[in-house]
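Since the structure comes first, as structure tokens, the remarks are kept for the end.
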Protein chains: 2
Amino acid sequence: MSKPPTISDAEWEVMTILWANSPLTAMEIVSQLAGHKQWSPRTVKSLLNRLVKKRALDYSTRGNRYLYRPRVTRDACVRMESGSFLSRVFGDAVGPMLVQFVQQADLSRDEIEQLEKILREKSNSGEK
Amino acid sequence: MSKPPTISDAEWEVMTILWANSPLTAMEIVSQLAGHKQWSPRTVKSLLNRLVKKRALDYSTRGNRYLYRPRVTRDACVRMESGSFLSRVFGDAVGPMLVQFVQQADLSRDEIEQLEKILREKSNSGEK
DNA sequence: TGTAATAGATTACATCTGTAATCCATGTCC
DNA sequence: GGACATGGATTACAGATGTAATCTATTACA
């Protein structure tokens, strides 16, 4: 599997929708974005075009519509992005990165407890 | 303290050097970069100019040279970048991602304690 | 059946980035 | 003193990005 292309911020929004649920037509994507983005449908079309050109998306035809679907997995893209961002900012220091993220994240009580539990276990099982 | 400006990949290299040690002249920065980057000194100058314009750097004058120094802390920039990275890549699923990472990470005792402390604080300050 | 809405394709255009080159003043070496 | 190196300032230029508008074919409503 070849490495995924670079996906920009705006493009990421579109991919997110398709990773969650595909294939979808352009209009369906537009509707799903409508909630939290004020993009004109034109804008979304442009993004779709770019993503197809980048080979991040693929489509088939249904009548006169296109049905878009991802050609790259979310996982692969996350790994890529993580690679560049994380290595830039944190180098290979995973610990400080997690500290930073946990500090910033908006966590639910459940998640906090879950994390605390994991940490307790880790600390009992004798980490260095 | 105003929010830090956006710092690009290439710019980040320059900032990293100045965060570690400042003030420095353009030439000193060029030398320090010489190890792992094949940038022409022109390129570095351009980056310095942009960073000054963005108000990420400041300079004073020594003779006919400039002495550059950061105007923004590394910490503030890391916070910014992390924020946009997290929300872009993980959207509102930051929690599960952290759980998974923490589970897999090889953490030192210190880091574990640090994380536990952060979580305690978060849980006290009434997360939802 | 004509006309407007929609679909996808192409084009636009300003800003940011990476990566310099050019310009002008000064400092330096012979 | 003259030519060259160096410093900072300005300009360049292509590719990526955000954000559309326009063009053309088709579809669907009045």
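By convention in this document, chain letters (A, B, ...) are assigned in the order of the sequence lines, proteins followed by strands, and residues within each chain are numbered from 1.
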### Query
Quick one: CG on A/Leu33 to OG1 on A/Thr43, what's the gap to the nearest 0.5 Å?
10.5 Å

### Nearest-Å distance for atom pair CG/P, residues A/Leu48 and D/dG18
14 Å

### Task
Would you kindly give the CG-to-P distance between A/Leu47 and C/dA9, to the nearest whole Å?
15 Å

### Query
Taking only side-chain nitrogens and oxygens of A/Ser8, does any of them come within less than 4.0 Å of OP1 or OP2 of D/dG18?
yes

#### Entry: Interface with DNA chain C, restricted to residues 9-17 of chain B and to heavy atoms under 4.0 Å
B/Asp9, B/Ala10

### Task
Identify, residue by residue, the members of residues 24-38 of chain A with a heavy atom below 4.0 Å from DNA chain D, and return them in order of residue number, or none.
A/Gln38

### Task
Not counting sequence neighbours, which residues clear salt bridge (Lys or Arg N to Asp or Glu O under 4.0 Å) with B/Glu81? List them please.
A/Arg88

## Note on the structure
Hits for side-chain contact (heavy atoms from CB on, under 4.5 Å) against B/Asp58, two or more places apart or cross-chain, chain-then-number order -> B/Arg69, B/Arg71

### Flag side-chain contact, heavy atom, 4.5 Å: B/Arg55 against B/Pro5
no

### Task
May I ask you to decide if the ring planes of B/Phe90 and B/Phe101 are parallel, tilted or perpendicular, using 30° and 60° as cut-offs?
perpendicular

### Query
What's the CG-C1' distance between A/Asn64 and C/dA9, to the nearest Å?
14 Å

### Spacing of A/Asn49 atom CG relative to C/dT11 atom C1', expressed in whole Å
12 Å

### Message
Output the rounded distance in Å from CH2 (B/Trp39) to C1' (C/dT17).
### Response
11 Å

### Message
With heavy-atom distances below 4.5 Å as the criterion, would you say the side chains of B/Glu116 and A/Arg120 are in contact?
### Response
yes

### Task
Look at all strands and tell whether B/Ser40 reaches a base, only sugar-phosphate, or nothing, counting heavy atoms closer than 4.0 Å.
sugar-phosphate

### Task
Write down the distance between CZ (B/Arg50) and P (D/dT10), rounded to a whole number of angstrom.
14 Å

### Query
Once the angle between the rings of A/Tyr66 and A/Tyr59 is folded into 0 to 90°, is it parallel (under 30°), tilted (30 to 60°) or perpendicular (over 60°)?
parallel

### Spacing between A/Arg65 atom CZ and D/dT26 atom P, to the nearest angstrom
14 Å

### Query
How close or far is atom C1' of D/dA21 from atom NZ of A/Lys45, stated in whole angstroms?
12 Å

### Query
Do the charged groups of A/Lys117 and A/Glu121 touch, with an N to O distance under 4.0 Å?
yes

### Query
Where along residues 51-63 of chain A does a heavy atom fall under 4.0 Å from DNA chain D?
A/Lys54

### Task
With sequence neighbours left out, write down each residue that passes salt bridge (Lys or Arg N to Asp or Glu O under 4.0 Å) with B/Glu13, or none if nothing qualifies.
none

### Query
Between B/Glu11 and B/Lys54, does at least one N-O distance fall below 4.0 Å, as a salt bridge requires?
yes

### Message
Using the rule given for side chain to side chain donor-acceptor pair (under 3.5 Å), can you reason through A/Gln104 versus A/Gln100, listing the C-alpha separation, both sets of side-chain angles and the distance that settles it, and then say yes or no?
### Response
CA-CA 6 Å; A/Gln104 265 185 274; A/Gln100 178 70 43; 2.9 Å; yes

